[in-house]
Enquirer: 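Pasting in a structure now, in structure tokens, and then I'll have a few things to ask.
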Amino acid sequence: MVGGLNKQIYLPFMLAQRLGYYQQQGLNVTLQDEGAGVDATTNMVAGKVDGVGGFYDHTIAMQGLGQQMESVVSMLTTPGEVELCRNEVKDKIKSPADWAGKNLGITDIGSSTDFLTQYLAQKNGVDPAGIHRIGVQSGSTLIGAMQHGNVDCAMTTEPTVSTLMATGTAYILLDMRTADGTAKQLGGEYPATSLYMTTDYVSKHPDTVQKLVNAYVETLKWIQTHTGADVAATMPADYYAGSGKDAYIKAFDNEKGIYNPTGIMPPTGPPTNLKVLQAFNPDVKGKNIDLGKTYTNQFVQAAK
């Protein structure tokens, strides 16, 4: 289950299917779309799905709640998230320091966009309890919320960013589509998209996990040697219908650096994720989190 299959930050999951890499590994993979990563995680804990395509930080938050899960392949080294605000608030909101009392769009409560929004508020001197976080998912629902004034700002990714910017109704408050932009906002590398599974599933089905990781490592290599035009030609047409094919291609080419070329978890990344969550998240704050249990590189290192 993936927290938004048509988002470019989750590109590898459908791309692997379109390229035939699951089939090459002898796998029958069913991809389920879910608007927010937190709901996908809930479904996995309930045993309804075997794995989640979502942000790595959920493995840390869930360990704080006593649930052991781990990332088995890292796909993004930066979040690829952008904070957009309505043009009408341009004079009032110039940084997260101006967020007190404002309506802020996130994919859903408990999602990674929720985590990042709360952290950025606190980092800029605003009590997260003093902002109004509203689940608007992405795509047309987020765009509608912005255009109707239901939210003042919202955190989202491509292709929603390009779609909304093309309307001329929004401006970029902050941008985490680059390593520098991420470091500026979060203090370092922030591994994001990964395939994570319960530790119990990984230990019981290592052969299946290895085949999945093989497919994703191959997909990550493919991304490095292809263009946005190649991606658009491979993906379903409805994935770029909202933004338009040209905008989708441009967005991919501009943010191609977000993708992890190897699948190995960046060693300096997990401590940044932990620092962000410990700053505000009651499930993690003050807890003794063992980062070594939130991810493994063994399957990527063995990938063929």
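FYI, the numbering just counts along the sequence from 1.
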Enquirer: For Thr77 and Tyr190, test the side chains for any donor-to-acceptor distance below 3.5 angstrom and give the result as yes or no.
Expert: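 Result is no, nothing qualifies.
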Enquirer: Is any side-chain heavy atom of Asn43 closer than 4.5 Å to one of Val52?
Expert: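 Contact flag for Val52/Asn43 side chains = no.
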Enquirer: Here's a test for you: under side-chain contact (heavy atoms from CB on, under 4.5 Å), which of Thr160, Leu84, Val136 qualifies with Ile143?
Expert: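 Among Thr160, Leu84, Val136, the one that satisfies the side-chain contact (heavy atoms from CB on, under 4.5 Å) with Ile143 is Thr160.
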Enquirer: On a heavy-atom basis, which atom in Gln185 and which in Leu120 lie closest, and how many Å separate them?
Expert: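 Reported closest heavy-atom pair: OE1-CD2, 3.6 Å.
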Enquirer: Would you say that Met14 contacts Leu31 through its side chain, given a criterion of any heavy-atom pair below 4.5 Å between the two side chains?
Expert: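 Result yes, sub-4.5 Å side-chain heavy-atom pair found.
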Enquirer: Using a 4.5 Å cut-off on heavy atoms from C-beta on, say whether the side chain of Lys123 contacts that of Pro96.
Expert: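 No, their side chains stay 4.5 Å or more apart.
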Enquirer: Determine, for Asp152 against Arg86, whether the closest basic-nitrogen to carboxylate-oxygen distance falls under 4.0 angstrom.
Expert: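 A salt bridge is present here (some side-chain N lies under 4.0 Å from a carboxylate O).
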Enquirer: Side chains of Thr169 and Asn87: is there a donor and an acceptor less than 3.5 Å apart?
Expert: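 Asn87 and Thr169 do not have a side-chain donor-acceptor pair below 3.5 Å.
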Enquirer: Check whether any side-chain N or O of Asp230 sits under 3.5 Å from a backbone N or O of His226 as a donor-acceptor pair, and report yes or no.
Expert: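 No, Asp230 side chain to His226 backbone: no donor-acceptor pair under 3.5 Å.
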Enquirer: For Cys153 versus Trp99, what's the shortest heavy-atom pair and its separation?
Expert: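 Closest approach of Cys153 to Trp99, heavy atoms only: SG-NE1, 4.1 Å.
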Enquirer: Hey, what's the ring geometry for Tyr56 with Tyr295, parallel, tilted or perpendicular (30° and 60° as the breaks)?
Expert: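 It falls in the perpendicular class, over 60°.
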Enquirer: Any idea which heavy atoms bring Ser111 and Ile106 closest together, and the distance?
Expert: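 Answer, listing the atom of Ser111 first, then Ile106: OG-CB, 4.5 Å.
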Enquirer: Using a strict threshold of under 4.0 Å (side-chain N to carboxylate O), is an ion pair present between Lys102 and Asp98?
Expert: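 Looking at Lys102 together with Asp98, the answer is no, because their closest N to O distance does not fall below 4.0 Å.
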Enquirer: Would you please classify the geometry between the Tyr248 ring and the Tyr240 ring as parallel, tilted or perpendicular, with 30° and 60° separating the classes?
Expert: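 Tyr240 vs Tyr248 ring planes: tilted.
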Enquirer: Are the ring centres of Tyr216 and Tyr22 closer than 6.0 Å?
Expert: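 Centroid distance Tyr216-Tyr22: below 6.0 Å, so yes.
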Enquirer: How far apart are the closest heavy atoms of Lys256 and Ile223, and which atoms are they?
Expert: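 Between these two residues, the closest heavy atoms are CE-O, 2.9 Å.
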Enquirer: Using a 6.0 Å cut-off, check whether atom NZ of Lys275 has over 12 heavy atoms from anything other than its own residue.
Expert: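 Buried by this count: over 12 neighbours within 6.0 Å.
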Enquirer: Within the 4.5 Å heavy-atom criterion, are Leu104 and Ile134 side-chain neighbours or not?
Expert: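 Leu104 vs Ile134: side chains apart.
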Enquirer: Measure across Pro267 and Pro271 and return the closest heavy-atom pair with its distance rounded to 0.1 Å.
Expert: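 The answer is O-CD, 3.8 Å.
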Enquirer: Any salt bridge between Glu81 and Arg177, counting N to O under 4.0 Å?
Expert: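 Arg177 and Glu81: not salt-bridged.
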Enquirer: Is any side-chain heavy atom of Thr42 less than 4.5 Å from a side-chain heavy atom of Val45?
Expert: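 Of all side-chain heavy-atom pairs linking Val45 with Thr42, none is under 4.5 Å.
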Enquirer: Above 12 or not: heavy atoms from other molecules or residues under 6.0 Å from CD of Gln23?
Expert: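 At most 12 heavy atoms, drawn from other residues, nucleotides or ligands, come within 6.0 Å of this atom.
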Enquirer: How about Tyr259 and Phe252: are their ring centres within less than 6.0 Å of each other?
Expert: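 Between Tyr259 and Phe252, the centre distance is under 6.0 Å.
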Enquirer: If I compare all heavy atoms of Lys287 with all of Gly64, which pair ends up nearest, and what's the gap?
Expert: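 Between these two residues, the closest heavy atoms are NZ-O, 2.7 Å.
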Enquirer: Among side-chain atoms of Glu70 and Thr59, is any donor-acceptor pair under 3.5 angstrom?
Expert: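 There is no such pair (donor and acceptor under 3.5 Å, judged by atom type) between the side chains of Glu70 and Thr59.
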Enquirer: Would you mind reporting whether Arg133 and Asn103 have side-chain heavy atoms less than 4.5 Å apart?
Expert: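 Side chain of Asn103 against side chain of Arg133, heavy atoms only: no contact under 4.5 Å found.
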Enquirer: Thr262 vs Asn260, test: side-chain hydrogen bond (donor to acceptor under 3.5 Å, both in side chains). Steps then yes/no.
Expert: CA-CA 6 Å; Thr262 65; Asn260 187 331; 3.1 Å; yes
Enquirer: Going by heavy atoms in the side chains, are Thr78 and Thr178 under 4.5 Å from each other?
Expert: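 Result no, sub-4.5 Å side-chain heavy-atom pair not found.
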Enquirer: Begin with the C-alpha distance, continue with both residues' side-chain angles, and end with the deciding distance and a verdict on side-chain hydrogen bond (donor to acceptor under 3.5 Å, both in side chains) for Glu189 and Thr268.
Expert: CA-CA 7 Å; Glu189 212 165 24; Thr268 61; 3.1 Å; yes
Enquirer: Under a 4.5 Å cut-off applied to non-hydrogen side-chain atoms, are Gln68 and Thr198 in contact?
Expert: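 Heavy-atom side-chain distance check fails, nothing below 4.5 Å.
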